[in-house]
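A short worksheet on the structure shown next.
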Amino acid sequence: MISLQLRSAPLPISEPLVMRLNSAKGPDLSNCSNHDAHLIDFEGETAEYEFRGFSIYVNCQNPEELDGDVVMLTPGRNILHRLIRKTSAHNTLLITEQCDQKCIMCSQPPKELHVDLFDAFSEAILLAPFETTIGLSGGEPMLHKARLFEFIAKANLARPDLRFHVLTNGQHFEPSDLAALKNIELSTVLWGIPVFAADPDVHDKIVVKSGAHAKLHESLALLGSVGADIELRTVVMRTNVNGLPQLATHLATHVPYAHFWAMMQMENIGYARMNWDTEFSDNSRNFSPIGQAISLAVTKGLETTLYNFPLCTIPEPYRRYSVRSISDWKQKYLPVCEACNMRTSCGGFFQWYPEAKGFAEIKAL
Ligand code: SF4
């Protein structure tokens with residue numbers, strides 16, 4: 001697994017410190033900015049970087065793997081956070097761990113404390129590679145929507161090449177947000193919003209919030225009215241799997257302006273791990289409701305994709321809807337995958353996938 005946090009020696013700082021690591025040996029002054037740290041030594045497993053006249057010590061196996069990474073040090077912690085990895089297409093900034101829902105499959109269960117890192121993130125994205133897409137996630141980022149809108153608007157001005165993928169539960173958009181929404185370049189943002197069922201009771205039960213389904217649809221309509229790009233996201237579970245065909249029709253009818261719909265397999269971490277035994281739906285045994293949902297959605301003009309499904313668990317006619325969605329840093333393959341001809345097209349598994357109680361049928365293709 002790729003580590004997103006590395007140990008570093010303590011620094012006497014009072015604010016988060018953002019820098020970009022340059023791992024070519026010796027300072028490259030031709031490429032020097034106020035935010036660039038330069039590798040000056042590597043011994044054992046410690047890399048020493050020079051940054052604004054002092055040394056940063058980072059524990060790592062190979063500093064070349066960190067070259068170009070945008071990192072953050074926070075006060076009082078000996079941890080270096082790899083915010084934006086130069087070679088990765090899966091960079092996400094954690095806006096907050098607070099959330100007003102408690103979805104039964106949540107991979108990042110909410111916490112009460114919030115630390116506002118928007119200023120540090122604003123510095124970080126200035127150092128991102130050209131045309132990067134950056135995830136903005138939580139928790140629920142829209143709990144801090146004034147700061148979020150401000151962050152995106154500033155980013156649009158400073159780095160118009162960047163794109164953002166905001167994961168939000170769709171509970172906090174209000175008509176009073178229209179001005180702020182119009183102030184950001186909407187073509188740079190994809191709003192990823194979960195909808196779990198056409199039936200409000202089923203949706204509200206899954207997110208553990210009464211009235212969430214109704215509020216969600218108000219938010220979708222508001223986003224649709226300004227032409228925002230929307231990715232509808234549905235985690236497949238035993239609670240909602242048989243209602244997927246109904247949901248396909250519902251979404252194509254009520255949210256026809258959505259960019260596309262993604263059905264997703266569960267990730268065995270957080271609340272999902274607690275509820276795995278009762279909620280994991282093994283599509284290698286029964287793909288029928290998912291297949292019906294795809295056919296219905298596509299027939300009605302709603303583009304549809306599958307996230308987090310190993311290819312061999314999908315019947316062949318539906319494999320073309322699958323995308324390699326699992327982030328590189330938490331992706332793995334099983335020994336059986338060694339002999340598989342489809343491995344380069346298959347997204348594999350989450351690091352924490354529980355083989356003993358996972359898909360019944362995994363086979364090399
Ligand atoms: S055997 Fe492994 S690589 Fe091949 S399709 Fe299945 S999960 Fe993917």
Side-chain angles (χ1 to χ4, degrees), residues 1-97 111 113-132 134-137 144 147-148 150-152 154-155 157-159 161-162 164 327-330:
M1 189 163 102
I2 299 169
S3 179
L4 300 187
Q5 299 184 348
L6 300 170
R7 291 196 65 76
S8 65
L11 281 179
I13 54 174
S14 56
E15 297 289 334
L17 195 58
V18 171
M19 68 193 77
R20 178 171 51 203
L21 301 181
N22 290 274
S23 296
K25 202 84 181 277
D28 174 5
L29 297 177
S30 65
N31 185 31
C32 193
S33 90
N34 192 34
H35 280 93
D36 280 304
H38 296 273
L39 183 70
I40 53 176
D41 196 15
F42 179 56
E43 213 174 306
E45 293 191 348
T46 301
E48 179 184 0
Y49 291 86
E50 190 276 338
F51 182 69
R52 299 180 187 171
F54 56 91
S55 289
I56 310 255
Y57 296 94
V58 181
N59 189 266
C60 67
Q61 303 283 331
N62 179 4
E64 281 180 24
E65 291 173 0
L66 308 180
D67 188 42
D69 281 7
V70 182
V71 301
M72 177 179 71
L73 290 155
T74 48
R77 297 200 64 201
N78 304 342
I79 300 287
L80 180 138
H81 299 266
R82 299 173 73 186
L83 295 181
I84 302 171
R85 287 172 298 129
K86 182 182 174 184
T87 55
S88 175
H90 302 277
N91 289 304
T92 295
L93 303 177
L94 184 69
I95 299 299
T96 184
E97 295 187 85
K111 294 181 183 166
L113 184 70
H114 172 67
V115 180
D116 186 322
L117 291 170
F118 277 109
D119 290 342
F121 292 162
S122 288
E123 287 182 43
I125 61 166
L126 297 179
L127 306 169
F130 187 63
E131 292 190 339
T132 301
I134 296 170
L136 303 177
S137 181
H144 303 278
R147 294 282 279 150
L148 180 70
E150 177 191 33
F151 169 80
I152 296 172
K154 275 171 62 182
L157 289 175
R159 288 292 304 267
D161 57 300
L162 299 180
F164 297 98
S327 302
D328 55 355
W329 64 272
K330 56 180 176 180

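Values in this document were obtained by computation on a predicted structure and should not be read as measured data.
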**Asked** How close do Phe51 and Asp36 get, heavy atom to heavy atom, and via which atoms?
**Response** CD1-O, 3.6 Å
**Message:** How close do Pro129 and Asp161 get, counting heavy atoms only, and between which atoms?
**Reply:** O-OD2, 4.2 Å
**Request:** For Glu64, look at atom CD and say whether over 12 heavy atoms of other residues, nucleotides or ligands are found less than 6.0 Å away.
**Result:** no
**Asked** Do Leu21 and Leu39 have side chains that get closer than 4.5 Å, going by heavy atoms?
**Response** no
**Request:** Could you please spell out the steps behind the side-chain contact (heavy atoms from CB on, under 4.5 Å) verdict for Leu94 and Leu136?
**Result:** CA-CA 6 Å; Leu94 184 69; Leu136 303 177; over 6 Å; no
**Prompt:** Is it true that a side-chain atom of Asn22 and a backbone atom of His38 form a donor plus acceptor pair closer than 3.5 Å?
**Reply:** no
**Request:** Name all residues meeting the side-chain hydrogen bond (donor to acceptor under 3.5 Å, both in side chains) criterion together with Thr132; count only those two or more places apart in sequence or in a different chain, and write none if there are none.
**Result:** none
**Prompt:** Among Ser8, Ser55, Ser23, which residue meets the side chain to side chain donor-acceptor pair (under 3.5 Å) test with Tyr49?
**Reply:** Ser23
**Distance (rounded to the nearest 0.5 Å) between His35 NE2 and Met19 CE** = 9.0 Å
**Message:** Tell me which pairs pass side chain to side chain donor-acceptor pair (under 3.5 Å) where either residue lies in residues 65-80, with sequence neighbours left out.
**Reply:** Asp69-Arg82
**Asked** About how many Å separate NZ of Lys154 and CZ of Phe121, when rounded to the nearest 0.5 Å?
**Response** 13.0 Å
**Residue pairs, two or more places apart or on separate chains, that pass salt bridge (charged side-chain N to carboxylate O under 4.0 Å, His left out) and touch residues 119-129** = Asp119-Arg147
**Prompt:** Do side-chain atoms of Ser327 reach the backbone of Trp329 as a donor and acceptor pair under 3.5 angstrom?
**Reply:** no
**Request:** Quick one: closest heavy-atom pair of Leu162 and Ile125, and the distance?
**Result:** CD1-O, 3.6 Å
**Request:** Report the relative orientation of the aromatic rings in His114 and His144; use parallel for angles under 30°, tilted for 30 to 60°, perpendicular for over 60°.
**Result:** parallel
**Asked** Where do Phe42 and Cys60 come nearest, in terms of heavy atoms and distance?
**Response** CE1-O, 3.7 Å
